[in-house]
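These notes concern the structure reproduced below.
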Number of protein chains: 2
Amino acid sequence: MNIGQASATSGVSTKMLRYYESIDLIPQASRTEAGYRIYSVKDVNTLRFIRRARDLGLSINRIKLLVGLWQDRERSSADVKRVATEHVAELDAKILELTAMRDTLQDLADACHGDHRPDCPILHDLEGGGRLSTQAGVVTKDASHPKYGTAHGAIPRHEA
Amino acid sequence: MNIGQASATSGVSTKMLRYYESIDLIPQASRTEAGYRIYSVKDVNTLRFIRRARDLGLSINRIKLLVGLWQDRERSSADVKRVATEHVAELDAKILELTAMRDTLQDLADACHGDHRPDCPILHDLEGGGRLSTQAGVVTKDASHPKYGTAHGAIPRHEA
DNA sequence: CTTGACCTTCCTATCGTGGGAAGCCCCACC
DNA sequence: GGTGGGGCTTCCCACGATAGGAAGGTCAAG
């Protein structure tokens, strides 16, 4: 099986196949005399495993762990579960963060009449301080919007 | 005001200040004789605007649009609203995608006893095909889990 | 033997951010 | 008037995971 067939049957692009090999997620494929990579059915199974793990949003590093556990008959399911649970926690955090953004923006959009007039609460908000309080340190308007605070502060932007 | 002070009062790092200038999100700052960048209070306000827009997850390109609209007295609020609404739609899509992943993984983790034994439904799922049906083409188990299909297929991974 | 599809490696880009090196500048302190 | 430390400059590299493309070798069918 060459790389094209392995790609087609595993759902992993040839680009990614070579990349995964380069970062040692999968072992170096053996080669034909001409230098073509050769894949076995077992290799393709591993690739499908990886593909599904990626579909669940797992990072390459976690997938490395999972593949290792998968191939280890002495593994404990607790180890597998921990990897999954950590990822769920990260997904939850991300979902919370995005939801806070979404809600804020949706509320602002709802408050915007959206016609020919220039006046716009969205711009006003961006201009003024993400729902007041940032500027003067004293909240002067309506403090009954707890969700507006969530997206501020330490937002590790490059983490996702 | 030099770049350090502008950074401190706007919440945008000096790295990002120079980067934003390089991609023409903000105009080239004027310079002292020694080549130091100079920022005005107006510049800092723009930077705060940008910072808040980033906090809401808006892309640099959308922020470019918004800054343009913000500084255009003839703008129509409809244009601003459209940018916001598009971003909300993307956030919604992303949230849906992440939630599907989360739910699947959480269910699998729930089904995993997580002890010393090697047997694990998480690995079984990754191995077997994201909740069966992929392998044989015929669903043989429990089809009442509509959420398990959502994360598959065309997932533009690099879009986020 | 040619043609076209496939393979190889290597470089580039994405997106937004941070880290760091090498070198110049400025101010305060002695 | 020096000097030291912190700030500024530019430039390069890294991340994570993926795609695109160029230049060249290979294979199989016609």
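Here is how names work: the chains are called A, B, and so on, in the same order as the sequence lines, proteins then strands, and each is numbered from 1.
Within 4.0 Å (heavy atoms only), A:S59 reaches sugar-phosphate atoms of the nucleic acid but no base atom. Counting non-hydrogen atoms under 4.0 angstrom, B:T14 reaches nothing in the nucleic acid. As judged by a 4.0 angstrom heavy-atom cut-off over every strand, B:R18 is placed among the base-contacting residues.
B:R31 has its CZ atom 12 Å from the P atom of D:dC8, to the nearest Å. Spacing between atom CD1 of B:I60 and atom P of C:dG16 amounts to 5 Å, rounded to whole angstrom units.
Among the nucleotides C:dG20, D:dT18, D:dC27, the one closest to the side chain of B:K15 is C:dG20.
The closest side-chain heavy-atom distance from A:R62 to A:L58 is below 4.5 Å.
Between B:D55 and B:R52 there is no salt bridge, since no side-chain N of the basic residue sits under 4.0 Å from a carboxylate O of the acidic one. A salt bridge does not link A:R48 with B:E127: none of the charged nitrogens is closer than 4.0 Å to a carboxylate oxygen.
Rotation axes derived from the C1' atoms of the five outermost pairs at either end of the helix from C:dC1-D:dG30 to C:dC30-D:dG1 lie 30° apart, to the nearest 10°.
Between the base of D:dG25 and the side chain of A:Y36 there is a donor-acceptor pair shorter than 3.5 Å.
Across every non-hydrogen atom of A:Y20 and A:I50, the tightest pair is CE1-CG2, 3.8 Å.
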